Amino acid sequence: MREVVIISGKGGTGKTSLAASFAYLEGSNALVSDCDVDAANMHLLLDANFRSKEDFFSGDLAVIDEDICINCGKCDEVCRFDAIDVIDDQHRVDFISCEGCWYCSRVCPTEAISMVKQKAGDLFVSDIKNGSKMVHAKLGFAAENSGKLVAKVKQEAKILALKEDKAFVITDGSPGIGCPVISSLSGANLVVLVTEATVSGLHDLKRVHKLVKTFSYESVCIINKYDLNEEMSQKIEIFLEKEGIKLVAKLPYDDTFTKALALAQPIVEYSSDGELSTLVKESWEKIKTIIEENDK
Amino acid sequence: MKITIASGKGGTGKTTISTNLVSYLSTLKQSVVLADLDVEEPNSALFLRGDLEKEQVSYKMIPKWEEADCTFCGECADVCNFNAIVALSDEIIVYPELCHSCYACSELCPTDSLPMTSERIGEIKAFTSDGFSFIEGRLDLGQEMAVPLIAQTIDYVDENFKNHIKIFDAPPGTSCPVIEASRGSDYVILVTESTPFGLNDLKLAVETMRVLNQKFGVIINRYGIGDNGVETYCADENIEIITKVKNDREVAKLYSKGELIYPKIGHFRDSLDEIVTFIGGLKCEK
Amino acid sequence: MKIIFTAKGENWNSPMDARFGRMEMLVIYDEENDTLEMVSNEGIEEMEHGAGLQTAKKVMELKPDVIITGNGAGQKALDLLKRTTVKMYIGAGDMTLEEAYSAYKNSQLKTQF
């Protein structure tokens, strides 16, 4: 089983559209995991049916037991997040401001404050188009994606993939350069960097590549919308060459991207023999070849 | 008047709208200031050229280990719920980027060996351009805690631009940084696209705004290419659509070069006019 | 030599865990005495952030000469481990412990530092 993780430093580069296309092409050979939990969208393109659901907990929230609380104000004194309000002479926790640091509960003289795990969202396993399954998550209010949640999504996907003897796990990676993306990269046999030919595209590519390099993952790149700004596209190519990153494809700015999105279809399903689809199919074949060569 | 421009996900055109809006407002002789609160990745400055007026370092409080009286009891690491302290047998190591500045380790240390000190997390820069100012908060590389810098950038704008129309460009997503960027504003404009993705992310953003009890409306960007899911949703939920910005490859081209859109594209300017009128209405309500 | 494997099971046939920070368990092989010992990394899946650091601390306390893993550690954990003389070998994420050990013995693994 081989893991391919698709990432991009910034939003709007077409990362999810491409990841879903690769998943669609591979069909029942690939298990899919969506680690872009902040903007989990892949399930829309793959028509996920939310088959099984599991609560996901993350972070702590202080809760005051008003029967035990003597309103001494010690909690308010130590809280640096302004999360203790006094309403009707009773100390209460503002759940939006509480950072879950435990300080108040540690200093409360009557042990009236307990820390409860907050439900951060739901974890789903779904059946998807083309006969496979995907693991994905939905975050609740003010819940933040974390290395922990992503690790959980990936772990579930990996277990399922091994059980069902899949050839690939295709992962839509997390954004940014923090804990979640590190977690989403774990176990990757190949990282696909998706960027676009814009001023911010190159900037973000550099940032995220630096992270990929720390872990010595092998990475390849796809430049999307290369013809929007060919000068920028060239700059990106020079960067890739310098860093020894293989360029898998340059995709043109193409309305097919959005038209397919509008129908909630991966590009290769929407126009299976269009120009863009052909390029996307070639990209996936190239990626597979690179993985095979690395295995040797 | 404080307006936050937000979106459920990145890449919807939030920065394009806010940079163009602030520049356009200034041509209408309005005093206006833009603050880029996407502190991990502020890129308004790529589109707005301005002169650096003022620079201010931003700090957060973190514990600093003092060896002298330390007994290596490990209490500090035990009380830290964020794994920001590693207590070895002969050294206490603090990881500032994981620290939430809760003070627990410092104040619960039996030997006062972890006094709080300020540490640089980034900077706030103020620029002046043709007829308006823009401010950006920028986290230093390797810093992960966006919320304190967002709060400080908002404070800076509040203090220095009392009578201006204040436009805040929020970070993407629906988590804590966006909440921090939204909760003090008079109004939040959610930028979305007319696609199922856009709709999905919009719904999440709307849920967040409703929990916050925040007034909000929607701008549909790249209108005309997708479906009408967003419009139907907004109608069903009684959410105001402020304007629909037409999909246009020329807009994308100008964006890729870091140029402003409205001076060259008429329909884009028409959309900005609708936003300006809408903001005018909000002012009257106030 | 004391060798730590990042593992998903406690014997030679068990698969390696490619992850460092969030590894399921540590398996320690003592070459002199030819013994295999398991130390659980339980609780790590509950950590939202900083998992790598806590695991690195645990590893350091065991004072190994060599760590064999898959992807390698993140920057923070790496810096912590660099305070010791331990050598980190990576690229064994898809192997069993036995295969990882023989790959290490035959100098087929890359070092992270």
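The model shown is predicted, which means the values in this text are computed figures rather than measured ones.
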Donor-acceptor contact below 3.5 Å, side chain Thr69(C) vs main chain Gly72(C): no
Under 3.5 Å, sequence neighbours excluded: what are the donor-acceptor pairs made by side chains of residues 13-27 of chain C?
unit_1	atom_1	unit_2	atom_2	d
Ser14(C)	OG	Glu10(C)	N	3.2
Ser14(C)	OG	Asn11(C)	N	3.0
Ser14(C)	OG	Asn11(C)	O	3.0
Ser14(C)	OG	Asn11(C)	OD1	3.1
Asp17(C)	OD1	Arg19(C)	N	3.1
Asp17(C)	OD1	Arg19(C)	NE	3.1
Asp17(C)	OD2	Arg19(C)	NH2	3.1
Asp17(C)	OD2	Glu24(C)	N	2.9
Arg19(C)	NH1	Gln155(A)	OE1	3.4
Arg19(C)	NH2	Arg22(C)	O	3.2
Arg22(C)	NH1	Ile44(C)	O	3.3
Arg22(C)	NH1	Met47(C)	O	3.0
Arg22(C)	NH2	Met47(C)	O	2.9
Arg22(C)	NH2	Glu48(C)	O	3.3
Glu24(C)	OE2	Gln155(A)	NE2	3.2
Glu24(C)	OE2	Lys8(C)	NZ	3.3

Parallel, tilted or perpendicular: rings of Tyr101(C) and Trp12(C) (30°, 60°): tilted
Residue pair Gln214(B) / Ser182(B), side-chain donor-acceptor N/O under 3.5 Å: no
Residues Thr15(B) and Asp169(B): side-chain donor-acceptor under 3.5 angstrom: yes
Positions in residues 93-118 of chain B that reach chain C, provided some heavy atom is under 4.5 Å away: Ile93(B), Tyr95(B), Glu97(B), Leu98(B)
Straight-line distance of Asp38(B) CG to Ile5(B) CD1, nearest 0.5 Å: 13.0 Å
